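This report concerns only the one structure given below.
Fair warning: this is a prediction, and the values are worked out from it, not measured in the lab. Chain A is the first sequence line, chain B the second, and so forth, proteins listed ahead of strands; every chain is numbered from 1.
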2 protein chains.
Amino acid sequence: MADVARAAGVSHQTVSRVINGSPNIRPSTRERVESAIRELGYRPNTAARALVTRRSSTIGIISTGSGLYGPNSIHRTIEDAARSAGWFAGSVSLATVTASTLTDAIDHLLRQAVEGIVMIAGQVEALELVSHQDFGVPFVVVEGDLSKATNVVGVDQQAGAYAATAHLVELGHTRIAHVRGPRSWTEADARETGWRDALADSGLAPGTLLHGDWSARSGYAAGRTLVADTDTTAVFVANDQMAIGLLRAYHEGGRPAPRHVSVVGFDDTPEAEYLQPPLTTVRQDFVEVGRRAIAFLDAGIKGVEPHLERLVSPDVILRASTARPFRPEATA
Amino acid sequence: MADVARAAGVSHQTVSRVINGSPNIRPSTRERVESAIRELGYRPNTAARALVTRRSSTIGIISTGSGLYGPNSIHRTIEDAARSAGWFAGSVSLATVTASTLTDAIDHLLRQAVEGIVMIAGQVEALELVSHQDFGVPFVVVEGDLSKATNVVGVDQQAGAYAATAHLVELGHTRIAHVRGPRSWTEADARETGWRDALADSGLAPGTLLHGDWSARSGYAAGRTLVADTDTTAVFVANDQMAIGLLRAYHEGGRPAPRHVSVVGFDDTPEAEYLQPPLTTVRQDFVEVGRRAIAFLDAGIKGVEPHLERLVSPDVILRASTARPFRPEATA
DNA sequence: TTAAATGGTGCGCAATGCCAA
DNA sequence: ATTGGCATTGCGCACCATTTA
């Protein structure tokens, strides 16, 4: 900075003013300083600035559930939203979520003096661990459960599940099963609740409930079980990956969708449209979720109230994996 | 730090020595200082340290091709490897790669005084843009082309494609088509070359070559074209997502795999095993790629020669989407 | 006594904010 | 209304002083 000041014939202080857009600078001076900056290829030293301002302009992102479509997509959009808002985003991806890995991750970020943390996690353990602590910086949880933590931003899972189930009901299905996500995920709980509520509101009894782990493998296992139950004519699966496995199990079992079973997924992964059959699923607007996560964090850091809804509403995307129930007696 | 020194009854210098693991500290003193650190919840100020050491301990990751399985997976493993190696990883995800978005991204990172940059990009434009410049910090390209840039780490795409094609040849296929990735991606080029070489080495003429864009949609389009050509009995598809679309097109066309066509993908996404039929594909060891990327960056930063292979060898995973060619005349 | 081990002092890193010119 | 000077931020290093074997 001293070099720039010398080149422009001003004090280093004036250079600082130009950089920070102070209003009280004569245009000619500003011009001189700016051209000196350009010529010298000068870049302000972030460390020095952080030291004196006590602001790092950095936020941390903790992401869990790597490999899954949803968390991954959200991670990207949050990074992007952070950069647009002028933050430097540092991230930590956790393969497994335990008290110790999570604590380490938070510690890693806090050491870097992040001004806020966004955690993408739906596991109950993670939520409980962070909700009882104060890290000294704003903390926003994405895809968690509103009832389990305070600063949550995400998609209205329950509404999405409700709409997906309602779609199956409208088609005329009366025995609608659900393959849910793992026990410890709040999203899995919310989707199950949506399914349950939609059935109750239609006067239907809950169908079979099976547990998966989000993987195609577990969806396949669930499908193997369900395919034997010919009373069940529709399945709401908690994510697209499991739906892939389930579709295959039904196909193998000689009862392919949508003729023998209607299937709805959740996520709308890019390939959902090209599965056999194309998958009816629930689309979540991850870009909007990312934007809101950063908006909430921003508000927390600035200490103001954010005026934004916490939950984004998802949409059901209709495709060929759902149809009216097949009634052998009707066609016979 | 002054507080810690006071609490432990030593000078701030001694505290600094303890934190940085200086050998010349009496165990009892070290113990006193450490407990003071714990009690006060003291965390060294990264900015101050960076200022004086002129080292940020931060590296930058630029990732392109978000949404694709490969780049996403690699991103995670690099982040993880970086943290294990003591680096703070900041990342920038680029939705589109142009000279300006890439320059912005690099600038964003350089402003944070990153000590090195890892770029996950296979697009020729990106490689060309960075290979003619010196950013003042080590720069490693992941998944690029060894011939296009110097510091490249990745999977041996060509070998993987060669093995995949050779597998089809061994099964007895003689007309083997290829659905490649977009024109501007070096990985797409390498996979095409591997396909071409394997055919040439077997004395076979190249089959039909179609271009896709990595999406299931484009694979579906390619499949619609290929399914009409009954001479082609096998297709090597440059990634699993396109293979999904292609499988569907063949299914719709009444020529399902593996009976009428053998299909090999590339990536081994988690759901590949549960497609209809389960997809034979090429698995890449992303964890190893991430580790090596950081190892190379580390070496570059320390100014030493890395003693590691740049390319990781992939494996062909055999599943049900490939089989011996179907010969109507033989069964008739 | 010498040599090794340990602790203390003050400066400088690169920026910003306040106050004075 | 502009511009400059001085103090300040938290830490590490060079250097010096002191204790211990």
Side-chain angles (χ1 to χ4, degrees), chain A residues 1-37 40-58 86-88 107 109-115 136-137 301, chain B residues 1-58 86 88 107-108 110-115 136-137:
Chain A
M1 189 154 125
D3 298 337
V4 174
R6 207 171 305 119
V10 297
S11 74
H12 71 127
Q13 178 55 280
T14 302
V15 176
S16 170
R17 287 200 181 95
V18 170
I19 292 171
N20 294 295
S22 160
N24 299 335
I25 294 283
R26 200 178 303 161
S28 67
T29 310
R30 181 186 299 281
E31 181 47 49
R32 267 209 331 285
V33 172
E34 278 170 350
S35 70
I37 288 177
L40 275 65
Y42 166 77
R43 247 188 270 276
N45 182 314
T46 329
R49 173 179 285 172
L51 184 59
V52 65
T53 58
R54 297 153 165 288
R55 295 203 42 197
S56 64
S57 292
T58 299
W87 299 101
F88 180 66
D107 195 62
L109 294 174
L110 255 23
R111 272 179 202 288
Q112 296 297 323
V114 294
E115 296 186 50
V137 297
I301 292 170
Chain B
M1 189 154 120
D3 297 337
V4 174
R6 206 172 305 117
V10 298
S11 73
H12 74 115
Q13 176 56 287
T14 302
V15 176
S16 171
R17 284 196 180 107
V18 169
I19 290 171
N20 295 297
S22 159
N24 300 335
I25 293 286
R26 200 183 302 161
S28 66
T29 308
R30 180 185 300 279
E31 182 47 48
R32 261 206 341 279
V33 173
E34 278 171 351
S35 71
I37 288 176
R38 265 194 305 276
E39 273 168 40
L40 275 64
Y42 168 76
R43 249 187 270 276
N45 181 313
T46 330
R49 173 180 282 171
L51 186 58
V52 64
T53 59
R54 296 153 166 287
R55 296 203 41 197
S56 65
S57 293
T58 300
F88 180 66
D107 196 62
H108 183 69
L110 255 23
R111 272 178 201 288
Q112 297 297 322
V114 294
E115 296 187 49
V137 297

Using atom [atom1] of [X] as one end and atom [atom2] of [N] as the other, report the distance to the nearest whole Å.
{"X": "B:Arg111", "N": "C:dA15", "atom1": "CZ", "atom2": "P", "result": "12 Å"}
{"X": "A:Asp3", "N": "C:dA14", "atom1": "CG", "atom2": "C1'", "result": "12 Å"}
{"X": "A:Arg6", "N": "C:dA14", "atom1": "CZ", "atom2": "P", "result": "12 Å"}
{"X": "B:Arg55", "N": "C:dC13", "atom1": "CZ", "atom2": "C1'", "result": "16 Å"}
{"X": "A:Asn24", "N": "D:dT2", "atom1": "CG", "atom2": "P", "result": "6 Å"}

Side-chain donor/acceptor of A:Glu115 to backbone N/O of A:Ser56, under 3.5 Å: yes

Check your understanding: Nearest of D:dT3, C:dT16, C:dG7 to any side-chain atom of A:Ile25?
Key ->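 My answer, after comparing the listed nucleotides, is D:dT3.
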
Note to self: So if I take every side-chain heavy atom of B:Val52 and compare against C:dT6, D:dT3, D:dG12, which nucleotide ends up nearest?
What the structure shows: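 The answer is D:dG12.
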
Hey, does the side chain of [X] come within less than 4.0 Å of [N]'s phosphate (OP1/OP2), counting only N and O?
{"X": "B:Arg54", "N": "C:dA14", "result": "yes"}
{"X": "A:Thr29", "N": "D:dT3", "result": "yes"}
{"X": "B:Arg26", "N": "C:dA5", "result": "no"}

At 4.0 Å (heavy atoms only), tell me whether [X] reaches a base, stays on the sugar-phosphate, or touches nothing.
{"X": "B:Asn45", "answer": "sugar-phosphate"}
{"X": "A:Thr46", "answer": "nothing"}
{"X": "A:Met1", "answer": "base"}

Note: contacts of residues 10-22 of chain A with DNA chain C (heavy atom, under 4.0 Å) are A:His12, A:Gln13, A:Ser16, A:Arg17, A:Asn20

Task: Over all atoms of both residues, closest heavy-atom pair of A:Arg55 and A:Trp87 - done: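 Closest heavy-atom pair between A:Arg55 and A:Trp87: NH2-CH2, 3.5 Å.
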
**OP:** State, to 0.1 Å, how close A:Gln112 and B:Phe88 come at their nearest heavy-atom pair, and which atoms those are.
**Re:**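 Minimum heavy-atom separation between A:Gln112 and B:Phe88: CG-CD1, 3.1 Å.
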
Enumerate donor-acceptor pairs with a distance under 3.5 Å from any side-chain N or O in residues 23-32 of chain B to protein atoms, sequence neighbours excluded.
residue : atom : partner : partner atom : Å
B:Arg30 : NH2  : B:Ser22 : O            : 2.9
B:Arg32 : NE   : B:Ala8  : O            : 2.9
B:Arg32 : NH2  : B:Ala8  : O            : 3.2

With a 4.5 Å heavy-atom cut-off, do B:Val33 and B:Arg17 have their side chains touching?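 Sidechains of B:Arg17 and B:Val33: no contact.
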
Quiz item: Side chains of B:Ile37 and B:Ile19: closer than 4.5 Å at any heavy-atom pair?
Solution: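 Heavy-atom side-chain distance check passes, below 4.5 Å.
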
CG (B:Leu51) and OG1 (B:Thr46) are apart, to the nearest 0.5 Å, by 12.0 Å

Paired to C:dA3 by Watson-Crick or G-U wobble criteria (both distances under 3.5 Å) is D:dT20

